[in-house]
Amino acid sequence: MASAAFLDVHFTFPTSSSNPKNRTPLFPSHLKPPPGKRFFIIASNSSKSTPSNSASTETLEYPNSSTPSLSDQLKPLSATILPETAGKDDNLLQTQLLSKPKSIWVNPTKAKRSVLSLQRQKRSSYAYNPQIRDLKQFAMRLNECQAEAGLMKALFGESPHEMSRENALLLLNSLKHWNKVVLFFDWIKEEKLFEVDTIFYNVVMKSLRFGRQFDLIEELANEMVSNGVELDNITYSTIITCAKRCNLFDKALHWFERMYKTGVMPDEVTYSAVLDVYAKLGKVEEVLSLYERGRANGWKPDPIAFSVLGKMFGEAGDYDGIRYVLQEMKVLDVKPNVIVYNTLLEAMGKARKPGLARALFEEMVAEGLTPDVKTLTALVKIYGKARWSRDALELWERMRANKWPMDFILYNTLLSMCADIGLEEEAEKLFDDMKRSRQCRPDSWSYAAMLNIYGSGLKADKAMAMFEEMSKKGVQLNVMGCTCLIQCLGKTKRIDDLVRVFDLSLKKGIKPDDRLCGCLLSVASSCDENDTDKVLECLQQANPKLVTFVSIMEDSQTSFDSFKEEFRTLIGETAVEARRPFCNCLIDICRKRNLQERAHELLYLGTVYGLYPGLHNRTSVEWCLDVRSLSVGAAHTALEEWMGTLSKAVERKEALPELFTAQTGAGTHRFSQGLSGAFASHLNKLAAPFKLSEDRAGFFVASREDIVSWVQKSSTPHLSPSRVVT
DNA sequence: TTAGGGTTAG
């Protein structure tokens with residue numbers, strides 16, 4: 001019988017070796033657990049493994065009722081037994097574990113106790129059922145029937161054939177909604193037609209999983225236990241994956257631990273399902289620990305297990321991890337299938353490795369695999385984010401030449417890629433393709449991508465035409481499309497159109513998010529007073545607290561302390577990605593209204609709350625002000641603040657570096673254009689001695705001598721920083 | 001296609 005158990009769970013064997021002295025040592029001497037440490041027990045009293053899928057009849061004794069959780073148990077394991085093995089190849093692992101007295105659980109020539117059964121659970125075969133047609137028809141009738149529970153149960157008795165075990169199973173499999181499946185199952189039990197066994201429970205659970213009814217699944221599992229019906233690997237994997245899909249990860253792990261406790265050894269399906277649970281929890285160490293443990297026991301992971309690992313490393317943006325997965329597959333001679341390639345491509349994208357993603361894709365094609373829509377979607381997205389226009393366009397050509405499959409997500413991803421790279425004509429062509437295609441009509445995402453393209457190119461007429469077209473075709477505008485359009489209308493100063501679009505959007509049910517509010521605030525910060533009021537009226541409907549903050553900001557009676565408190569509350573309630581834009585726009589508004597001190601206070605607060613990380617960089621040879629993530633007004637404010645700081649440093653005769661630089665970026669990014677020019681004119685206004693660098697694009701530079709002489713020449717204390725930020 | 005695991009969109 002299987003008798004692996006986790007950790008310091010003591011168990012007794014009702015066999016000749018129940019005396020601990022007769023057992024093979026649990027750990028090789030070099031792997032003995034340090035005193036007081038808990039360990040994962042994976043060894044056994046027997047040199048032969050007898051994996052079993054059935055519930056154990058062995059008595060398991062527990063020293064106490066509070067068994068440590070699996071993750072607690074895994075921690076000491078990963079920290080002590082196998083810490084340096086993760087990420088290394090299998091040979092090394094073998095060498096490490098075989099170097100001293102032979103471990104009973106790593107010797108590949110011997111079968112051994114393991115954490116998983118190396119044999120997948122066998123399914124029972126079934127004979128062809130000649131009544132299948134009638135029963136399927138009967139199932140169809142039941143599926144269409146809307147009757148209440150009592151009537152449904154009466155209908156079950158009208159089966160065209162005798163309700164034998166086989167017929168009932170067939171019918172159970174053919175019912176679509178979990179509600180009816182449960183009703184039918186209850187009926188079978190009430191009628192006592194035959195004993196329901198594990199397979200029946202498994203079929204019902206599968207249906208419940210589809211309906212995400214974890215509570216009901218757990219109820220059934222407990223019913224099995226009380227009725228003495230065996231829970232097998234299929235039962236456990238269904239329970240575990242249902243819990244996972246319902247985001248009940250603790251439940252998933254609870255049932256996994258329970259398997260071991262009741263002596264059921266997981267097979268590779270259950271095991272990889274659990275790897276995925278840990279992966280989804282972001283518990284990389286635990287996943288690797290289980291993985292290595294399985295490997296040390298002779299498990300040859302299949303593509304599905306590697307897909308789980310690949311996805312996990314992708315989520316973590318861990319490139320070394322991705323390489324590890326590739327390496328392991330190579331060592332074990334496991335050929336990746338399309339899904340594994342897709343997962344690894346996604347992962348490469350998340351790890352920001354476009355070149356390696358391209359190489360992997362070529363390898364996949366060279367292996368003779370045909371990329372599917374997910375493969376292509378992943379790659380298109382990667383090229384777009386990397387702004388690799390040539391590769392993106394070549395790929396598109398290839399897709400058409402090879403007649404590779406397309407779907408609406410891929411079309412939309414291609415459109416988004418065009419927006420990222422600024423390929424207007426190509427996007428228009430794609431959009432037309434899409435309109436002509438039978439399966440893929442443009443939807444909200446497609447239109448949002450087009451609005452993004454026209455918006456960033458400031459093509460307000462075309463953007464408005466898209467907006468009208470959507471309305472005519474009955475395509476719902478989404479919040480992203482709305483944001484792109486509003487941004488475009490704001491930048492092209494079509495404020496009346498903007499107000500109309502905004503009002504219509506609200507009527508159509510758009511729920512403004514913080515990005516849209518940031519966009520409105522940005523428009524408000526850049527137009528004349530009359531228009532600003534119109535935009536703030538829109539903002540009032542979307543985010544009244546933000547508008548209130550603007551008036552607090554303008555009120556000279558507001559003390560710094562209460563201003564700070566208001567700012568803290570506002571930013572705390574704002575989505576992370578919109579915080580810096582909010583602060584930038586608020587500073588711009590202050591500068592436009594000649595509220596310089598408030599602008600400096602906002603920059604200070606923004607820095608304190610971490611909205612401008614890396615604004616100031618100091619080394620012994622160079623002090624740099626990096627304003628690339630600032631708006632024009634915020635960059636001006638930061639420059640003034642910095643020059644004030646530098647003046648003080650000179651006056652105090654502090655040690656200064658040789659070089660001072662201000663980095664604005666070269667303006668190649670479509671959002672940062674204009675910052676360099678605006679910054680230069682402000683330098684000019686302050687008569688600050690920075691010059692555009694000839695050899696470092698996007699940098700303004702000044703020497704120590706320049707700065708010192710500038711300070712000495714400036715007789716009046718023209719710039720006194722309100723609060724020094726360094 | 002009749003019981004279980006992995007992959008796509010600001």
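All values below come from the heavy atoms of this structure, side chains included, with hydrogens, waters and symmetry mates left out.
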How would you label the contact of A/Thr238 with the nucleic acid (heavy atoms, under 4.0 Å): base, sugar-phosphate, or nothing? sugar-phosphate
Using a cut-off of less than 4.0 Å, is there contact between a side-chain N or O of A/Arg209 and OP1 or OP2 of B/dG5? yes
How is A/Leu169 classified with respect to the nucleic acid when contacts are heavy atoms under 4.0 Å: base, sugar-phosphate, or nothing? nothing
How about A/Phe361 and A/Tyr341: are their ring centroids closer than 6.0 Å? no
Should the pair A/Arg295-A/Glu328 be classified as a salt bridge under the 4.0 Å nitrogen-to-oxygen rule? yes
Pick base, sugar-phosphate or nothing for A/Ser124, based on heavy-atom distances below 4.0 Å to the nucleic acid. base
It should be established whether A/Lys206 places a side-chain nitrogen or oxygen under 4.0 Å from OP1 or OP2 of nucleotide B/dG4. yes
Between the side-chain atoms of A/Asp302 and the base atoms of B/dG6, is any donor-acceptor pair under 3.5 Å? no
With a non-hydrogen cut-off below 4.0 angstrom, is A/Asn478 in contact with a base, only sugar-phosphate, or nothing? base
Please pick, from B/dA9, B/dT7, B/dG6, the nucleotide with the shortest atom-to-atom distance to any side-chain atom of A/Pro303. B/dG6
Would you classify A/Val203 as touching base, sugar-phosphate or nothing, given that sugar-phosphate means primed atoms plus P, OP1 and OP2, and contacts are heavy atoms under 4.0 Å? sugar-phosphate
Between CG on residue A/Leu344 and OG1 on residue A/Thr375, distance to nearest 0.5 Å: 11.5 Å
Out of B/dA9, B/dG6, B/dA3, whichever nucleotide has its closest atom nearest the side chain of A/Ile409: B/dA9
Look at A/Arg579 together with A/Asp514 and state whether they make a salt bridge at an N to O cut-off of under 4.0 Å. no
Give a yes or no on whether a donor-acceptor pair under 3.5 Å exists between the nucleobase atoms of B/dG5, that is its base, and the side chain of A/Arg245. no
Ranking B/dT2, B/dT8, B/dG4 by distance to the side chain of A/Tyr126, first place goes to B/dT2
Using a 4.0 Å heavy-atom cut-off, does A/Ala449 contact any base of the nucleic acid, only the sugar-phosphate backbone, or nothing at all? nothing
Quick one: are the ring centres of A/Trp445 and A/Phe408 less than 6.0 Å apart? no
With a 4.0 Å cut-off on heavy atoms, is A/Thr483 in touch with a base, just the backbone sugar-phosphate, or nothing at all? nothing
Using a 4.0 Å heavy-atom cut-off across all strands, classify A/Asp276 as base, sugar-phosphate, or nothing. sugar-phosphate
Give A/Asn337 one of three labels, base, sugar-phosphate or nothing, depending on what nucleic acid heavy atoms sit under 4.0 Å from its own. base
Check this for me: does any side-chain nitrogen of one of A/Lys374 and A/Glu346 sit under 4.0 Å from a carboxylate oxygen of the other? no
Answer yes or no: side-chain N or O of A/Arg123 and base N or O of B/dG4 forming a donor-acceptor pair under 3.5 Å. yes
For B/dT7, does the base pair up with any side-chain atom of A/Asn342 as donor and acceptor (N or O, under 3.5 Å, distance only)? yes
Distance-only donor-acceptor test (3.5 Å): side chain A/Thr343, base B/dT7: no
At 4.0 Å (heavy atoms only), tell me whether A/Val340 reaches a base, stays on the sugar-phosphate, or touches nothing. base
Within the 4.0 Å heavy-atom criterion, would you say A/Thr241 contacts the bases, only the backbone, or no part of the nucleic acid? sugar-phosphate
